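See structure below.
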Protein chains: 2
Amino acid sequence: MTERRPRKDALRNRAAVFAAADALFARRQSPDSVTMADIATEAGVGKATLFRAFGDRTGLIRALYEARLEPIRSAVEQGPPPLGPDAEPLERVPALLDAVLCFKLDNRHLALALEQTGSGSPYSAEHYERWHTLLRTLLERIPGLPDRDFTAHALLAATRADLVEHLAGEKGLPRDTMRAQLAEFTARILGVRENSHPAQP
Amino acid sequence: MTERRPRKDALRNRAAVFAAADALFARRQSPDSVTMADIATEAGVGKATLFRAFGDRTGLIRALYEARLEPIRSAVEQGPPPLGPDAEPLERVPALLDAVLCFKLDNRHLALALEQTGSGSPYSAEHYERWHTLLRTLLERIPGLPDRDFTAHALLAATRADLVEHLAGEKGLPRDTMRAQLAEFTARILGVRENSHPAQP
DNA sequence: TACTGAAGCGGACCGCCGGTCCGTATCGTA
DNA sequence: TACGATACGGACCGGCGGTCCGCTTCAGTA
């Protein structure tokens, strides 16, 4: 029952692998052009070390993704409004979607790698479950909306990594333009009828 | 410049391959558990024949998808309202999205295979381009909407194959329930303010 | 500091899959 | 029937995710 602390070299290697994977995903265009052997080499580590630490390729990507997501997660769980728990749903929902979008804009390749990593759809990852549940809960406090469960899925679908990559990456849509469009779309769903000024914090 | 007609055996094999792939994708749960060798064997054909006819795995899946999509495509391009070109945008947009959703419900595994086939995001396929362009065009004829280009993407994102699989497949959401939810969501975007009765043709 | 067993390491190795090659069989035509 | 062109198919290849096992390094003990 006693938790054994991992050894120092294990921790050092784990960090090295994270850094290496991060760099490689950012450098290469296509996520699956990054092989496990590549990451191991870049990290100065044996391939088996990767698999021992993370199980398989999906595990590695998931772990990296969760790590990068951590700041946003804590901002949502204990930060100030409009992202934090003290905000009213009508302002928190757009803030949350904007945060997700910004994260995917900033970590395009990583998000892409996660979502299109063959085994296991994005919907089985627990971070998706978290976002969806939170979003649904917030929507439930806003009157007059369509089915909240589906609506939460549909809104999150508008921030899918490959869509972000398609618009911001390939078609060159500027970051703030896309943020504004998502905000407008969200406002429309929420029934906010005032005109035209999407937030731009 | 003269088009050479393909030989009979080539045509026969092509059809056999389609049938085999269709059956296999429907039978297995995960699309990438279906290997090219599997398809070749099931079709009673050599592996090289697959690659000669379709180029690569993606080409085969795309060709099959387009073939299955053909009825809907023609219903949209030359059928009667509400799907056909004579319908008003306010009724054609929901009809179109419903048709796409139904198609993905009926061809879940195939759609999944196409969208998560690693090379090339779904957004580079020409059938997506077609749906998106048509949808955007229709939205442009409806006043007071958010950015039409983005809205078209976002609406289509709500019918993504893996989302459909997640809701209808794993969570067991009934077909008509999901259709109604998508219809409600769409209506909300279109600004249709009348209450509560989503179509169920 | 020397000892020691356990935790961790790494690269050779495996099975599988997408994709290619080339000798052979089949088609369509005269 | 004969013959060129077209298509066939299974052996083959390179590369990837994942595993195995002999070796190294850590950290507690005296």
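Source: prediction; values computed, not measured. Convention: sequence-line order gives letters A, B, ...; per-chain numbering from 1.
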Whole-Å gap separating C1' (dA27(D)) and NZ (K8(A)): 9 Å
Integer-rounded Å distance: dG9(D) C1' and D38(B) CG: 17 Å
Looking only at the side chain of A48(B) (C-beta and beyond, no hydrogens), which of the listed nucleotides dT19(D), dC21(C), dG18(C) gets closest? dC21(C)
Could you tell me how far apart I61(B) (CD1) and dC17(C) (C1') are, to the nearest whole angstrom? 14 Å
R52(B) CZ to dC22(C) P, straight-line distance once rounded to whole Å: 14 Å
Take atom CD in E129(B); do more than 12 heavy atoms of anything else shown fall under 6.0 Å from it? no
Specify the separation, in whole Å, of atom CE of M36(A) and atom C1' of dA12(C). 18 Å
Can you check whether T49(B) has a side-chain N or O nearer than 4.0 Å to OP1 or OP2 of dA7(D)? no
Whether H153(B) and H132(B) hold their rings parallel, tilted or perpendicular, with breakpoints at 30° and 60°: parallel
Provide, to the nearest angstrom, the distance between the CG atom belonging to L60(B) and the P atom belonging to dC17(C). 16 Å
With under 30° as parallel and over 60° as perpendicular, where do the rings of F185(A) and F150(B) fit, or are they tilted in between? perpendicular
With a 4.5 Å cut-off on side-chain heavy atoms, are Y123(A) and L167(B) touching? no
For DNA chain D, find the residues of residues 9-23 of chain B with a heavy-atom distance under 4.0 Å and give them by number; none if there aren't any. D9(B), A10(B), N13(B)
Nearest to the side chain of V45(A) - dG10(C), dT20(C), dC8(D)? dG10(C)
Establish, with yes or no, whether the OP1 or OP2 oxygen of dA27(D) is under 4.0 angstrom from a side-chain nitrogen or oxygen of R7(A). no
Side chain proximity check, R7(A) to L11(A), heavy atoms < 4.5 angstrom: no
Atom-pair distance (CZ on F54(A); C1' on dT19(D)), nearest Å: 18 Å
Nearest 0.5 angstrom please: R92(A) CZ to L83(A) CG, how far? 7.5 Å
Can you measure I39(B) atom CD1 to dC17(C) atom C1' for me and round it to whole angstrom units? 12 Å
Which donor-acceptor pairs under 3.5 Å do side chains of residues 135-145 of chain B form with protein atoms, sequence neighbours excluded?
from: R136(B); atom 1: NE; to: D149(B); atom 2: OD1; distance (Å): 3.2
from: T137(B); atom 1: OG1; to: T133(B); atom 2: O; distance (Å): 2.7

By the 4.0 Å heavy-atom rule, please label K47(B) as base, sugar-phosphate, or nothing. base
Give one of base, sugar-phosphate or nothing for R57(B), where a contact means two heavy atoms less than 4.0 Å apart. sugar-phosphate
